[in-house]
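One structure below.
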Amino acid sequence: MPDADRPPAAAELVQRVCDWFPGAARDLPWRRPGTGAWPVMVSEFMLQQTPVARVLEPWRQWVERWPEPSALAADPVSEAIRAWGRLGYPRRAVRLHAAAVAITEHHGGVVPTDHDELLALPGVGGYTAAAVLSFAHRQRHVVLDTNVRRVLARTLDGRAHPDRSPTVAERRQAAALLPDDPARAAAWAASSMELGALVCTARSPACPRCPVADLCRWRALGHPAWDGPPRRGQTWQGTDRQCRGRLLAVLRDAVGTVPSAELLAAWPDRTQASRALAGLVADGLAVEDDHGVGLPGGGTGEAP
DNA sequence: AAATCGTGGCA
DNA sequence: TTGCCAAGATT
């Protein structure tokens with residue numbers, strides 16, 4: 001078997017990436033020593049499909065206002081939705097609020113340190129549960145986000161991109177790389193993510209700056225182009241998603257309730273707007289009564 | 001299990 | 001300019 005076809009030594013890969021981290025990592029506020037599990041959890045919710053640069057300010061305001069789960073749980077969901085601002089995917093705000101309520105009511109106000117308990121919370125999937133425990137408690141978990149998946153796809157598999165969603169084989173591969181020592185496993189999680197975010201990026205990888213360039217199978221093969229199924233494009237113009245965003249922006253900026261007709265007028269296609277509104281209501285992002293539409297649990301615009 | 005769900009920046 | 005992409009979760 002030619003060298004280029006042989007996987008690099010796992011230990012060497014982990015070692016080099018972990019050594020690279022201290023001198024290259026960004027100084028992100030949720031990485032500061034002593035950051036609690038709750039602020040870390042808030043950052044992970046916000047970072048789901050959202051770039052770091054756009055999360056920084058909302059995160060700062062969020063954790064200052066709600067320094068612990070019980071504080072958020074004590075406020076209506078409408079406040080969480082407003083504080084979410086324009087981060088996108090506002091259902092995350094609803095789920096984070098619901099998670100805060102669950103933590104307050106069922107976990108004594110403390111973010112669970114058990115993987116399965118964390119996983120049971122609204123909006124917490126495999127990645128987020130592992131990330132919170134790894135970053136906040138230095139527990140040993142496979143943290144498999146889009147960055148890590150890309151790093152492994154390239155270095156080990158010689159492919160430009162990972163598949164759409166993590167496969168069993170992929171998880172197994174990642175688990176095999178995980179150091180036995182929890183602190184070291186946590187360091188690998190943070191380091192491999194950072195490498196994917198700063199160097200081994202999706203569009204313009206900076207191989208000359210990569211600490212494992214000489215171990216990378218993708219590079220050894222000459223950076224073969226992606227030959228898998230076409231990457232799903234996210235259409236936008238005229239979609240229900242765009243419509244939902246428009247309607248929610250109106251509700252977010254409104255003081256109380258907005259008359260239904262006025263809200264629907266914010267979108268050219270009335271039929272589509274009605275469908276989008278129904279979706280917002282179903283997702284707990286809006287409530288409609290005789291007076292109009294508003295954010296849920298807002299306590300405003302109620303009948304006397 | 002494929003589809004859905006926001007928003008903005010950048011190559 | 002526009003398509004692609006970003007620390008995913010849910011149904």
Side-chain angles (χ1 to χ4, degrees), chain A residues 25-26 28-31 39-59 81 84-96 98-99 118-136 141-151 160-168 174 186 188-198 200-206 225-226 229-252 275-286:
Chain A
R26 295 164 291 181
L28 302 177
W30 44 84
R31 280 183 185 159
V40 169
M41 182 169 159
V42 172
S43 79
E44 291 305 334
F45 266 73
M46 292 182 166
L47 287 164
Q48 290 169 3
Q49 297 286 284
T50 306
V52 165
R54 291 193 15 229
V55 166
L56 291 170
E57 183 55 22
W59 179 84
I81 297 172
W84 197 255
R86 302 185 65 79
L87 272 180
Y89 291 151
R91 287 188 294 194
R92 291 181 292 168
V94 175
R95 289 170 182 159
L96 182 50
L118 212 41
L119 200 54
L121 296 174
V124 177
Y127 163 76
T128 300
V132 168
L133 296 178
S134 180
F135 300 153
H141 293 280
V142 172
V143 181
L144 205 56
D145 81 319
T146 187
N147 290 305
V148 178
R149 296 185 63 219
R150 186 172 52 250
V151 167
H161 299 285
D163 291 319
R164 281 224 145 288
S165 54
T167 62
V168 174
W188 159 248
S191 302
S192 52
M193 280 180 65
E194 193 74 344
L195 184 68
L198 297 182
C200 194
T201 63
R203 290 194 225 181
S204 49
W226 172 247
R231 329 266 307 146
R232 178 182 58 145
Q234 302 170 336
T235 56
W236 177 246
Q237 289 299 324
T239 60
D240 282 10
R241 271 162 101 170
Q242 185 187 24
C243 182
R244 283 168 57 111
R246 183 80 55 85
L247 299 184
L248 189 61
V250 172
L251 297 180
R252 194 193 299 126
R275 183 172 66 241
L277 174 56
L280 290 175
V281 171
D283 288 343
L285 285 162

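Below, each value reflects all heavy atoms present in this structure, side chains not excepted, and no hydrogens, waters or symmetry copies.
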Next item on the list: Looking at every strand, decide which applies to A:A202 at a 4.0 Å heavy-atom threshold: base, sugar-phosphate, or nothing.
Entry: sugar-phosphate
Checklist line | C:dT1 and B:dG8, which share atom name C1', separated by this distance in whole Å | finding: 16 Å
Notebook entry, point to check: Quantified in whole Å, what is the C1' atom distance between nucleotide C:dG8 and nucleotide B:dA1?
Noted result: 16 Å
Notebook entry, point to check: At under 4.0 Å between heavy atoms, what does A:L28 touch on the DNA or RNA strands: base, sugar-phosphate, or nothing?
Noted result: base
Item checked: Atom P, compared across B:dA11 and C:dA7: separation rounded to whole Å -> 14 Å
Check: Considering only heavy atoms from C-beta outward, does the side chain of A:T239 approach that of A:W236 to under 4.5 Å?
Finding: yes
Next item on the list: Map A:E44 and A:G123 onto DNA chain C by nearest heavy atom, then report which one ends up closer to the 5' terminus.
Entry: A:E44
Note to self: Here's a test of your reading of the structure: between A:G196 and A:L121, which maps to the more 5' nucleotide of DNA chain C?
What the structure shows: A:G196
Item checked: salt bridge (charged side-chain N to carboxylate O under 4.0 Å, His left out) partners of A:R26, counting only residues at least two apart -> A:E194
Notebook entry, point to check: Less than 4.5 Å apart, any side-chain heavy atom of A:V94 and any of A:P90?
Noted result: no
Note to self: Quick check against the 3.5 Å criterion: does A:R150 have a side-chain atom that pairs as donor or acceptor with the backbone of A:C200?
What the structure shows: yes
Notebook entry, point to check: Can you check whether A:M41 reaches A:L96 side chain to side chain, under 4.5 Å on heavy atoms?
Noted result: yes
Margin query: For a quick check, with a 4.0 angstrom heavy-atom cut-off, what is the B/S/- contact string for nucleotides 6-11 of chain B, read 5' to 3'?
Written below: BBSBBS
Notebook entry, point to check: In this structure, which one of A:L87, A:V42, A:V52 forms a side-chain contact (heavy atoms from CB on, under 4.5 Å) with A:L47?
Noted result: A:V52
Notebook entry, point to check: Which part of the nucleic acid, if any, lies within contact of A:V124, taking any heavy atom under 4.0 Å across all strands shown: a base, the sugar-phosphate backbone alone, or nothing?
Noted result: sugar-phosphate
Item checked: Between A:Y127 and A:Q48: side-chain donor-acceptor atoms closer than 3.5 Å -> no
Notebook entry, point to check: Is it true that a side-chain atom of A:W59 and a backbone atom of A:P39 form a donor plus acceptor pair closer than 3.5 Å?
Noted result: yes
Check: Which is true for A:W226 with a 4.0 Å heavy-atom rule: it touches a base, it touches only sugar-phosphate, or it touches nothing?
Finding: nothing
Next item on the list: Check every strand shown and say whether A:R149 touches a base, only sugar-phosphate, or nothing at a heavy-atom separation below 4.0 Å.
Entry: nothing
Notebook entry, point to check: With side chains defined as the heavy atoms from C-beta onward, is the minimum distance between A:F135 and A:R31 less than 4.5 Å?
Noted result: no
Note to self: Considering every strand and a 4.0 Å limit on heavy-atom distances, what is the contact class for A:G126: base, sugar-phosphate, or nothing?
What the structure shows: sugar-phosphate
Check: How would you give the extent of chain A contacts on DNA chain C, as first and last nucleotide 5' to 3' within a 4.0 Å heavy-atom cut-off?
Finding: C:dG3 to C:dT10
Next item on the list: Answer with base, sugar-phosphate or nothing: what part of the nucleic acid does A:T128 contact at a heavy-atom distance below 4.0 Å?
Entry: sugar-phosphate
